[in-house]
Each structure stands twice: as C-alpha cells, then as structure tokens.
Amino acid sequence: MAKIAIMGFGTVGGGVAKVLEMNQAQIAAAVGEEVSLKYILDVRDLSGTPYASQGIHDFSIIENDPEVEVVVECIGGAKVALDFTRRALQAGKHVVTSNKELVATHGKELLSIAKVRGVNYLFEASVGGGIPVLRPLFQELAANQIEEIVGILNGTTNYILNRMVKGGISFADALKEAQANGYAEKDPTADVEGIDACRKICILSDLAWGREVSPDLVSAEGISSIHLHDVSIAAAAGYRIKLLGRAFRLDDGRQCAYVAPHLVPESCPLAMVDDVFNAIMVRGNAVGDVMFYGRGAGALPTASAVLSDVMDAVRSRDKRRSLGWSQSAQLLDAAEVEARWYLRGSFSPADAAAVLDGPESIGEGAVITAPMNFARAKEAAEKLGAVAMLRVL
C-alpha cells in the first residue's frame, strides 16, 4: 500500500481527496496497489468533516513518517510551500504539486534536490490544470526538436474576453461577472495582468529546451486595457482577441518567451477556444503542430492531473524521472521580435499609408501593419495618434 499526504486543503487539495476516494479502485488497479490518504495538513480544524482522523497541523509529522511516500503540495505561493517542499524532498519523499509559482521560480532548485535524493518532483497540474501537456512534452514529443509553444494559458482571461465578444460587455463588467461566477479571484491581478500565464509559459519553456526561464525576465502584458471597440473591430474582420503565452527558440540557441494579447485569425484553432478552457499548441520539427485542449482549472480537473503524477511517482518509486533544467536561458527581448501589429485611432487610410508600408485596413481607423519590432510599431502608433496597439498572431 502506498500512503500519501496532502498539504493544503483548499479547492485543489479537497479535489485530490475527493477524486482519490471516488476512483480508488481504478487507481489501485492502475498502479498495482492501493493508494491511501494518511494525512491532511491544513491550518483549519478538520474535526466534524469526513477527514477528521487525517487532519494535522504539524508538517514534521509528515516529514518524519517513513510510511508517507508521496506528498501532494496544494498550499500555493512560494513561501511556506517552498520550505515544506524542500524538507519533504530532503526527507526522501516524492512531491507532487499544482503550484505554478513555486515551479516557475524555484523548480530548478527543487528538481536538483529531488535528483540528489533519488525521488521525483512532479508538476503536471501546474500549467494546464486537467490538461495533460507536460508529460507529453517530455515523453511523447521527446523525439522532436520543439520549435514553438503558444497557448491560451489562463481560463479567467479567456472567459472575460469571450464575454466581451459574445456578450458585448466591457472588460470591467465581464470581470465582475467572472468574479460572481467564481472564475476570478477577489484580487484578479495575477490573471488579468498576465502573471499567471507568464509562470506557465516559463515552465513550458524550461521543459521544452532544458534551460531556466525566470518569470522576472519575461515580458507579461494583460488584458485590463482591452477596449470593447477593439474586440468588435477584430471580430468583424475575422479575428478574436486572446491572451497568449508564446515561447520559441532561434537557430542561434537563444530563446524568447512573452505573454500578450493578440489578434488571432478565426482560421487558427486557438481562436475558437472559449469560456474558461485552455489550449496549448506545440510545434515539433517532426510531428508538426499538436494541440492540447481542456479545462485549465477547477477542483476535479486539476486533481485528475495531480493524481496522475501521484500514480506515476508510485509506479516509478525506484526509478526517478529525468526531469530538470540547467543554466539560465539566453533570452531575446520580446520587443525585438517582429510581428504584425493592430493599430487603432482616428487616423484615415491615407494617414496610415503615409506612415506605414502597405497597411491592411480592417475597420474605420484600424489597420494591421507589416511585420516590425515593438519600437517601430510604437513609433508608427505615436505618429498616427493610435490609442490601441496589439500584436497579431
């Protein structure tokens, strides 16, 4: 029998316990033995709940119990969770997490500890919630040179943009609706300003190319400045506005990663990803484009991915996964990347033609430029008095 402990009993931790109980027989059959929940570490008192007998408040109980093989970290953040994860790994326990902040900022260190101790640090749920994308990236796509990753990595922002398109409501109203429906936090900054998506694209980059990409060095732009008028113009011209995380590697070995809203043509599969769903497209030099799609958050979908890692850790308890990334990546500033740009203002087609080389008009006072870097696009926007400036995928 494999015994596990859960640290943090909020949405994800509660989901893990529920799915483990709900699918216990199936999980046992898949791994060849029963997986049993021994402890739940939480600041709350769990007496009066079905988990009263498992509730504890002292991490050292888990740390010092040789029966606990796998620790599931659902605390969140990179303070207490970091301390407990370090200690669990150093105690020779596998650790599974959905904590994208911890993986993005301290993954290199934690994977190094896991390697020294001969255990696994697994984090499938940290990027796509219930979408299996990390394991395919380092296993099923391992024969490929990964060329590019681009995706809708945050369900909250996708819901808001979808409501702006289909409901014709402003960003502020769509955000209030998302909060009322439980899709956005009371403080939505991490979602709407691209911070959450930034952490996820960093993890994907780390795994794809084996070099650390720090979120502090990645340009992250959110959707709080998106105007309903731009959503309408884009839709009429056959585009959807989506917040995308994008990462790619150049021939010289440099990498680039950034998060920004884009105009996505309706012919692209990402344009049709609506509501709180996520989608990640990966381009390999052999396989071409593949896309992973599903719910990027929620108790049960995320728990599904967490438990797949728990099962993997139990199966491979004597053979750790060769995960890890080395020194920091050499990064190309996203501002240097050439892209087509959407500019919108009160300028005329003649004004645009005088400033830009062959602009494509897509609406009154709105054009799409030829490919250029950020500095050139910003200069053109200033000359035209543009009030909106977005990349085009």
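The only option from Val68, Leu20, Val71 that meets the side chain to side chain contact (heavy atoms under 4.5 Å, CB included) definition with Ile4 turns out to be Leu20. Screening Glu34, Glu67, Glu33 for a salt bridge (charged side-chain N to carboxylate O under 4.0 Å, His left out) with Lys3, the sole residue that qualifies is Glu67.
Using a 3.5 Å distance cut-off with no hydrogens or angles, the side chains of Tyr183 and Asp191 do not pair a donor with an acceptor. Side-chain contact, Ser224 with Glu193: a donor N or O sits under 3.5 Å from an acceptor N or O.
The residues Arg211 and Asp206 are annotated as not salt-bridged, no charged nitrogen and carboxylate oxygen being separated by less than 4.0 angstrom.
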Go through the steps to decide whether Leu41 and Ile6 satisfy the test side chain to side chain contact (heavy atoms under 4.5 Å, CB included), and finish with yes or no. CA-CA 6 Å; Leu41 177 73; Ile6 297 174; over 6 Å; no
Decide side-chain hydrogen bond (donor to acceptor under 3.5 Å, both in side chains) for Ser326 and Glu212; before the verdict, give the C-alpha distance in whole Å, the side-chain angles of both, and the deciding distance to 0.1 Å. CA-CA 6 Å; Ser326 58; Glu212 184 180 36; over 6 Å; no
Could you go step by step and tell me if Ile131 and Arg295 meet the side chain to side chain contact (heavy atoms under 4.5 Å, CB included) rule? CA-CA 7 Å; Ile131 307 169; Arg295 291 190 177 274; over 6 Å; no
Go through the steps for Asn278 and Tyr293 under the test side-chain hydrogen bond (donor to acceptor under 3.5 Å, both in side chains), then give the verdict. CA-CA 6 Å; Asn278 288 190; Tyr293 167 85; over 6 Å; no
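Rounding to the nearest 0.5 Å gives a distance of 9.0 Å between CG of Leu243 and CD1 of Ile152. The OG1 atom of Thr156 sits 7.5 Å away from the CG atom of Asp196 when rounded to the nearest 0.5 Å. One finds the OG atom of Ser214 at 11.0 Å from the CZ atom of Arg199 (value rounded to the nearest 0.5 Å). Annotation: the span from Ser205 atom OG to Leu137 atom CG amounts to 9.5 Å, rounded to 0.5 Å. To the nearest 0.5 Å, atom NZ of residue Lys176 and atom CG of residue Asn181 are 14.5 Å apart.
The aromatic rings of Tyr51 and Phe9 lie perpendicular to each other, with more than 60° between the two planes, well past the 30° mark.
Other residues, nucleotides and ligands place more than 12 heavy atoms under 6.0 Å from the NE2 atom of His106. Residue Asn64 qualifies as enclosed at atom CG: its count of foreign heavy atoms under 6.0 Å is above 12. Other residues, nucleotides and ligands place more than 12 heavy atoms under 6.0 Å from the CD atom of Glu266. In Arg87, the CZ atom is crowded: over 12 heavy atoms of neighbouring residues, nucleotides or ligands sit closer than 6.0 Å. Heavy atoms from other residues, nucleotides or ligands lying under 6.0 Å from CD of Gln26 number 12 at most. Annotation for Lys115: atom NZ does not count as buried by contact number, only 12 or fewer foreign heavy atoms lying within 6.0 Å. Counting heavy atoms of neighbouring residues, nucleotides and ligands inside a 6.0 Å radius, atom CD of Gln90 exceeds 12 of them.
Between Arg254 and Arg249 the shortest side-chain heavy-atom distance does not fall below 4.5 Å. You'll find the side chain of Val96 stays beyond 4.5 Å of the side chain of Phe123, heavy atoms only. In this structure the side chain of Trp209 reaches within 4.5 angstrom of the side chain of Ile146, judged on heavy atoms. A heavy-atom distance below 4.5 Å is found between the side chains of Leu204 and Leu134. Residues Leu331 and Val213 form a side-chain contact, since some pair of their non-hydrogen atoms from C-beta on lies under 4.5 Å apart. Side-chain contact between Leu270 and Met291 is present, with heavy atoms from C-beta onward closer than 4.5 Å. Under the 4.5 Å side-chain criterion, counting only non-hydrogen atoms from C-beta, Val264 is not in contact with Ile241. Counting heavy atoms from C-beta outward, Met7 and Phe59 have side chains that approach closer than 4.5 Å.
Nearest heavy atom pair, residue Ile169 against residue Arg163, reads CG1-O, 3.7 Å. Between Gly168 and Leu228, the closest heavy-atom pair is O-CD2, 3.3 Å. Here the closest non-hydrogen pair linking Phe347 and Leu343 is CZ-O, 3.6 Å. The minimum heavy-atom distance linking Val16 with Leu307 is given by the pair O-CD1, 3.7 Å. The nearest pair of heavy atoms linking Glu63 to Ala91 is O-CB, 3.7 Å. Looking at every heavy atom in both residues, Ala197 comes nearest to Leu153 through O-CD1, 3.7 Å.
Under the 4.5 Å side-chain heavy-atom criterion for grouping Ile, Leu, Val, Met, Phe, Trp and Tyr, Val287 is connected to Val133 within one hydrophobic cluster. If you chain together hydrophobic residues whose side chains sit under 4.5 Å apart, Ile223 and Ile195 never meet in one group. Transitive grouping of hydrophobic side chains (ILVMFWY, heavy atoms separated by less than 4.5 Å) keeps Val337 and Met281 in distinct clusters. Leu207 and Val306 end up in the same hydrophobic cluster when Ile, Leu, Val, Met, Phe, Trp and Tyr side chains are linked at under 4.5 Å. Hydrophobic clustering, with ILVMFWY side chains joined whenever heavy atoms are under 4.5 angstrom apart, groups Leu102 together with Val310.
The closest donor-acceptor contact from the side chain of Gln179 to the backbone of Glu185 lies under 3.5 Å. A donor-acceptor pair is defined here as one N or O able to donate and one able to accept, closer than 3.5 Å; no such pair exists between the side chain of Ser112 and the backbone of Lys108. The backbone N or O of Ala260 lies less than 3.5 Å from a partner atom in the side chain of His262, making a donor-acceptor pair. No donor-acceptor pair under 3.5 Å is formed between the side chain of Thr85 and the backbone N or O of Leu82. Thr97 places a side-chain N or O within donor-acceptor distance of the main-chain N or O of Glu73, the cut-off being under 3.5 Å. At least one donor-acceptor pair closer than 3.5 Å links the side chain of His57 to the backbone N or O of Asp42. The backbone N or O of Gly298 lies less than 3.5 Å from a partner atom in the side chain of Thr302, making a donor-acceptor pair. Of the possible polar contacts, one joining the Asp58 side chain to the Ser60 backbone as a donor-acceptor pair under 3.5 Å is found. Looking at Asp333, its side chain never comes within 3.5 Å of a backbone N or O of Glu336 through a donor-acceptor pair. With Lys93 contributing its side chain and Asp65 its backbone, the two residues share a donor-acceptor pair below 3.5 Å.
The stretch residues 231-246 participates, sequence neighbours left out, in these side chain to side chain donor-acceptor pair (under 3.5 Å) pairs: Glu148-Arg246, Asn158-Lys242, Arg240-Asp274, Arg246-Tyr258.
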Anything under 3.5 Å between a donor and an acceptor, one on a side chain of residues 379-393, the other on a protein residue two or more places apart or in another chain? List them.
residue : atom : partner : partner atom : Å
Glu379  : OE2  : Lys383  : NZ           : 3.4
Glu382  : OE2  : Lys378  : NZ           : 2.7

Could you pull out all donor-acceptor pairs under 3.5 Å where a side-chain atom in residues 359-374 meets a protein atom, sequence neighbours excluded?
residue : atom : partner : partner atom : Å
Thr369  : OG1  : Trp341  : N            : 3.0
Asn373  : OD1  : Ala375  : N            : 3.3
Asn373  : OD1  : Arg376  : N            : 2.9

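Phe277 has its ring centre no less than 6.0 Å from the ring centre of Tyr159.
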